[in-house]
Amino acid sequence: MSVRPLLLRSALATAAALFLLAAPALPASADPSETVTVGPVGRIAEDGTVTLSGTYRCSGSTGPVFVSSSVSQRSPLFRQGIGGTRAVCDGVEHSWENTGKPGSDALEPGQAHVEATLMELSPEGGLPLPLFHAAAQQDVTLTKG
């Protein structure tokens with residue numbers, strides 16, 4: 001057997017892998033009825049705990065689904081995760097609320113940017129792989145309370 005076909009197959013496999021890695025991460029679900037929203041106001045408690053909220057709608061999951069959220073205030077490159085909520089994918093709109101205490105960089109009342117993601121841990125080949133149902137970004141106002 002010639003080495004050329006093996007090299008060609010290897011080169012094609014490598015090119016395909018690089019193409020997939022370079023492709024933009026888009027939600028896997030193209031279903032417009034699957035949504036997640038972010039409320040326009042978030043709260044900061046006296047101890048620094050942040051609460052964010054919004055709504056979501058999804059259907060047809062095979063694994064556990066969560067609404068995760070993150071917030072940035074001073075730099076869009078530095079995002080802080082704020083909790084995660086288990087989602088019910090029954091086609092009905094539900095509310096979500098995530099609460100968490102940011103790490104080293106405390107948030108202050110004022111403008112902030114929040115991202116929420118509706119993500120399923122889909123059982124593929126024995127490993128749970130992320131399957132994105134919807135994502136949203138929203139400028140919000142963080143208030144004391």
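As the structure is a computational prediction, the values presented were derived from the model and not from experiment.
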Please report the interatomic distance [atom1]([X]) to [atom2]([Y]), rounded to the nearest 0.5 Å.
{"X": "Ser69", "Y": "Arg79", "atom1": "OG", "atom2": "CZ", "result": "9.5 Å"}
{"X": "Phe132", "Y": "Ser68", "atom1": "CZ", "atom2": "OG", "result": "7.5 Å"}
{"X": "Ser33", "Y": "Glu93", "atom1": "OG", "atom2": "CD", "result": "11.5 Å"}
{"X": "Ser53", "Y": "Ile82", "atom1": "OG", "atom2": "CD1", "result": "12.5 Å"}
{"X": "Leu107", "Y": "Ser72", "atom1": "CG", "atom2": "OG", "result": "9.0 Å"}

Any donor and acceptor pair, going by atom type alone, linking the side chain of Glu120 with main-chain N or O of Thr62 inside 3.5 Å?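 Here the side-chain-to-backbone pair exists.
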
Thr55 backbone acceptor or donor facing Thr37 side chain under 3.5 Å: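 It does hold such a pair.
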
So, do [X] and [Y] sit near enough that their side-chain heavy atoms are less than 4.5 Å apart?
{"X": "Tyr56", "Y": "Thr85", "answer": "no"}
{"X": "Pro102", "Y": "Val50", "answer": "yes"}
{"X": "Leu52", "Y": "Trp96", "answer": "yes"}

Flag yes if Phe78 and Val71 sit in one hydrophobic cluster, no otherwise; membership is Ile, Leu, Val, Met, Phe, Trp, Tyr, and two members link when side-chain heavy atoms are under 4.5 Å apart.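 No, because Phe78 and Val71 fall into different hydrophobic clusters, even though each may have its own neighbours under 4.5 Å.
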
hydrophobic_cluster_shared for Met119 and Val38, side chain cutoff 4.5 Å: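 No; tracing contacts between hydrophobic side chains, which count when under 4.5 Å, never links both residues.
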
Give the minimum heavy-atom separation between [X] and [Y], together with the two atoms involved.
{"X": "Val88", "Y": "Cys58", "answer": "O-SG, 4.1 Å"}
{"X": "Asn98", "Y": "Val67", "answer": "ND2-O, 3.1 Å"}
{"X": "Gly91", "Y": "Arg57", "answer": "O-NH1, 3.4 Å"}

With sequence neighbours left out, write down each residue that passes salt bridge (Lys or Arg N to Asp or Glu O under 4.0 Å) with Glu108, or none if nothing qualifies.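 Scan of Glu108 (salt bridge (Lys or Arg N to Asp or Glu O under 4.0 Å), adjacent residues dropped) gives Arg74.
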
Run the side-chain contact (heavy atoms from CB on, under 4.5 Å) check on Leu118 and Val65 step by step: do they pass? CA-CA 7 Å; Leu118 185 60; Val65 180; 3.7 Å; yes

Please output the side-chain donor-acceptor pairs of residues 138-145 that fall under 3.5 Å, not counting sequence neighbours, one pair per line with the distance.
unit_1	atom_1	unit_2	atom_2	d
Asp139	OD1	His113	ND1	2.7
Thr141	OG1	Gln111	OE1	3.0
Thr143	OG1	Gly42	O	3.3

